[in-house]
Enquirer: 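Would you mind keeping the following structure in view while I ask a few things?
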Amino acid sequence: MNVRTRFAPSPTGYMHVGGLRTALYAYLYARHEKGTFILRIEDTDQEREVPGALEKIYESLREAGLSYDEGPDAGGDFGPYIQSRRQAAYLPHALELIEKGAAYPCFCTKERLEKAREAAEKKGETFKYDKHCLGIPKDEAKRRIDAGEPYVIRQNMPVTGKASFDDVLYGHVEVDCATLDDTVLIKADGMPTYNFANVIDDHLMRVSHVMRGTEYLSSAPKYNLLYDAFGWEKPCYVHLAPVMADAHRKLSKRHGDPTFEDLLNEGYLSEAIVNYIALLGWSPGNDQEFFTLAELEAAFQLKGLSKSPAIFDKDKLTWMNSEYIRNLPFDRYLALAMPWFGQAGVLAADTRRLAELTQGRTEVFGRIPDMVDFLAAMPDFDPELYSNKKMKTDPAAAKHALALVRPVLAAVDDWREAPLHDALMAAIANSGMKNGQVLWPLRIAISGRLATPGGAIEIAYLLGKAETLRRVDAAAAKL
RNA sequence: GCCUCCGUGGUCUAGAGGCCUAGGACACCGCCCUCUCAAGGCGGCAACACGGGUUCGAAUCCCGUCGGAGGUGCCA
């Protein structure tokens, strides 16, 4: 079978992590099977138009490396790929269903429906449309439609029997038709609902595998009823369990959860994000955790998909991101780090050397400023930072250490790490103190930080001689 | 409420009747290394939701319970 999958987002203005993962899986499956990956925009809700949303989708997919073979900006033989521009395809199909008795026009007002809904709710029942308009004679319906009366087109669900579908992951899912509501297919504004458009378009676009969230699990039987009414071949269904923020909530921008773009802006690498979310609900069946996109394409199989929801664990993403950063070619790391160095105001320092020191310690690029900004401006610090029992130092010991080190530093003319190291070590050995007893206070004195990317010698080098001496003097004066 | 689906450590998961004394990873804790912090090395804590079956044998199959999620929109 020629595999054709599609990612069908509605243009909301951002790419959620869950959506990206759905796109990833659809992409991976298509690539693994040497099939076709399609991008289709589901914008049939005209009340939810977001300017610039289309571009955001294109951009996110490009960022993630998910290239599509067909789509609004990619062309293809089954376009247009934007549902609002496929208007002409829907109504005729709906009329065909009416002919076949599988659908019917409905003139009920929203008010009447609202009342019925409330009444049902009061009785503790599930609301079901009462097929009130099913009995309207065809000619009367035609007259009312021609007269301009607003109407929708509803799917005419069987009253008895079973409806079902087969899911690659969930198996055979069956429901009583009696529990099915007469879903609106065409809205009063003439636009199709998702429930109709997805069936028409998946068929017209020859989609072989429908991969989408489990929120459609319970409506899938209705879609099959539609396929049957048309006499169309049904696609393979692959419903994907959601990505959760915690055990009770889906990941959502509304609740402040990061979108793909947010993560990128925070300084996560798109490769790391893609790698991480690939494993959020899918397993290769072995212990491999690091995958390039190409490796994912080769390894991806539907059987590795998980049926239960997965909680997004940012800590693990961060860990994976730090691994990716650590493995970046140095120059690439440097280029990516520069803007953050700039933000921290440390461009005057030897940024190349700085980057060597930070690369192995950068978990997320956005955390660089906090890591290095002490180089730009000496922070105020609590003298208690000098106290470290393992280093056997405290403020009093620090005073001695700084006194020892000050003339040594002043005497170093060749301000590079090696000469600094040799001079300092010689002086320490001479004094009979331990390395830590001297170097710890020095580092604190010139950085004001408990933890720094590099030891006293590296920091001193980065600061330069004048600034280092200035900081040593200022620190000593406070002791 | 009703319908559907799901249920292995805190988290992501491996596991398709004996290979399980339940494996890997993140997180956490400890030790080593070390001029700090990381990284690295070594070690540790920690799970088959519960109850019944089936079977010589069950995390794996069946039933029930409980827990969670989704649906119940002229949203997708």
Side-chain angles (χ1 to χ4, degrees), chain A residues 8-10 12 42-45 47-48 106 108 110 113 117 120-121 123-128 150-154 167 169-170 173-176 178-181 183-189 191 193-195 197-198 212-221 239 241-242 244 246-250 276 279-289 303-304 306-320 322 326 357-358 360-363 371 385 388 390-391 421 424-425 428 434-444 447 449-459:
Chain A
S10 50
T12 55
E42 311 229 324
D43 60 344
T44 55
D45 185 358
E47 288 170 24
R48 280 211 286 192
C106 168
C108 290
K110 289 191 179 181
L113 296 172
R117 219 182 295 276
E121 202 159 307
K123 283 194 285 182
E125 289 170 1
T126 301
F127 169 76
K128 262 186 68 181
Y151 74 104
V152 301
I153 297 177
R154 286 182 184 275
D167 187 280
L169 282 132
Y170 294 93
V173 178
E174 194 172 75
V175 297
D176 281 324
T179 65
L180 268 19
D181 191 27
T183 315
V184 170
L185 265 20
I186 300 284
K187 308 183 233 186
D189 66 3
M191 279 287 191
T193 58
Y194 171 84
N195 300 299
N198 92 84
R212 59 165 45 139
T214 50
E215 61 266 32
Y216 301 110
L217 214 48
S218 38
S219 30
H239 286 92
M244 311 288 284
D246 58 46
H248 307 287
R249 230 186 66 223
K250 256 198 203 186
Y276 172 70
L279 264 12
L280 239 197
W282 173 78
S283 162
N286 56 36
D287 289 339
Q288 184 176 349
E289 290 208 280
K303 76 173 287 268
S306 168
K307 286 193 280 190
S308 39
I311 297 173
F312 179 79
D313 181 1
K314 201 169 181 186
D315 284 345
K316 185 152 188 179
L317 200 215
T318 299
W319 163 76
M320 185 164 271
S322 65
R326 191 167 299 126
L357 294 167
T358 54
R361 297 170 232 249
T362 307
E363 297 184 295
M371 186 162 44
L385 284 194
N388 180 296
K390 202 174 154 196
M391 296 298 130
H421 177 271
L424 252 8
M425 289 308 182
I428 293 168
K434 297 281 187 195
N435 289 348
Q437 284 178 288
V438 177
L439 266 8
W440 170 281
L442 206 214
R443 192 181 59 82
I444 298 295
S447 73
R449 289 285 176 78
L450 210 47
T452 51
I457 292 159
E458 287 92 346
I459 302 301

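Since the structure is predicted, the reported quantities are computational estimates derived from the model, not experimental observations. In what follows, every chain begins at residue 1, and chains take the letters A, B, ... in the order their sequences are listed.
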Enquirer: For Ser219(A), what residues pass the side-chain hydrogen bond (donor to acceptor under 3.5 Å, both in side chains) criterion, not counting sequence neighbours?
Expert: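 So Ser219(A) forms a side-chain hydrogen bond (donor to acceptor under 3.5 Å, both in side chains) with Tyr223(A).
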Enquirer: For Arg449(A), check side-chain contact (heavy atoms from CB on, under 4.5 Å) against everything at least two apart and list the hits.
Expert: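 For Arg449(A) the side-chain contact (heavy atoms from CB on, under 4.5 Å) partners, ignoring immediate neighbours, are Asp373(A), Phe374(A), Pro379(A), Ser447(A), Thr452(A).
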Enquirer: Between the protein and nucleotides 17-19 of chain B, which nitrogen or oxygen pairs are less than 3.5 angstrom apart?
Expert:
none

Enquirer: Quick one: label Glu363(A) by what it contacts on the DNA or RNA (base, sugar-phosphate, nothing), any heavy atom closer than 4.0 Å.
Expert: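 No contact at all - Glu363(A) keeps every heavy atom at 4.0 Å or more from the nucleic acid.
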Enquirer: Hey, are the side chains of Ser218(A) and Val173(A) touching, using non-hydrogen atoms and a 4.5 Å cut-off?
Expert: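 No, their side chains stay 4.5 Å or more apart.
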Enquirer: C1' atom, G24(B) versus C62(B): distance in rounded Å?
Expert: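 My reading of the C1' atoms in G24(B) and C62(B) gives 31 Å.
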Enquirer: Check ring pair (Phe, Tyr, Trp, His ring centres under 6.0 Å) between Phe312(A) and all other residues, then give those that pass, not counting sequence neighbours.
Expert: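 Scan of Phe312(A) (ring pair (Phe, Tyr, Trp, His ring centres under 6.0 Å), adjacent residues dropped) gives Tyr276(A).
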Enquirer: Check nucleotides 11-14 of chain B for protein N or O atoms closer than 3.5 Å to its own N or O atoms and list the pairs.
Expert:
residue, atom, partner, partner atom, Å
C12(B), OP1, Ile311(A), N, 3.0
C12(B), O2', Leu279(A), O, 2.8
U13(B), OP1, Gly281(A), N, 2.8

Enquirer: Can you list the residues that meet the side-chain hydrogen bond (donor to acceptor under 3.5 Å, both in side chains) rule with Tyr194(A), with sequence neighbours excluded?
Expert: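 Here the qualifying residues are Arg212(A).
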Enquirer: Tell me, please, which residues at least two apart from Glu458(A) pass side-chain hydrogen bond (donor to acceptor under 3.5 Å, both in side chains).
Expert: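 Expected list: none.
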Enquirer: Quick one: what's the B/S/- string for nucleotides 71-76 of chain B, heavy-atom cutoff under 4.0 Å, read 5' to 3'?
Expert: SBSBBB
Enquirer: Could I get the full list of side-chain hydrogen bond (donor to acceptor under 3.5 Å, both in side chains) partners for Glu215(A), not counting sequence neighbours?
Expert: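 Result, side-chain hydrogen bond (donor to acceptor under 3.5 Å, both in side chains) vs Glu215(A): none returned.
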Enquirer: Looking at residues at least two apart in the chain, or sitting in another chain, which of them share a salt bridge (charged side-chain N to carboxylate O under 4.0 Å, His left out) with Lys314(A)?
Expert: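 For Lys314(A) the salt bridge (charged side-chain N to carboxylate O under 4.0 Å, His left out) partners, ignoring immediate neighbours, are Glu266(A).
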Enquirer: Grab the CE-P distance between Met244(A) and C6(B) for me, whole Å please.
Expert: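 Roughly 15 Å, once rounded to whole Å.
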Enquirer: For Lys314(A) and G10(B), give me the distance from atom NZ to atom C1', rounded to whole Å.
Expert: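 Lys314(A) atom NZ is separated from G10(B) atom C1' by 18 Å.
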Enquirer: How would you summarise protein contacts on nucleotides 29-36 of chain B per nucleotide, using B for base, S for sugar-phosphate only and - for none, with heavy-atom distances below 4.0 Å?
Expert: -----BBB
Enquirer: Does atom CD (Gln288(A)) have a neighbourhood of more than 12 heavy atoms from anything else shown, all under 6.0 Å?
Expert: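 More than 12 within 6.0 Å, yes.
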Enquirer: Mind checking salt bridge (charged side-chain N to carboxylate O under 4.0 Å, His left out) for Arg249(A) and listing every partner two or more places apart, or none if nothing turns up?
Expert: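 Here the qualifying residues are Asp246(A), Asp257(A).
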Enquirer: Phosphate oxygens OP1/OP2 of C5(B): is one of them under 4.0 Å from a side-chain N or O of His239(A)?
Expert: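 No, no such contact exists.
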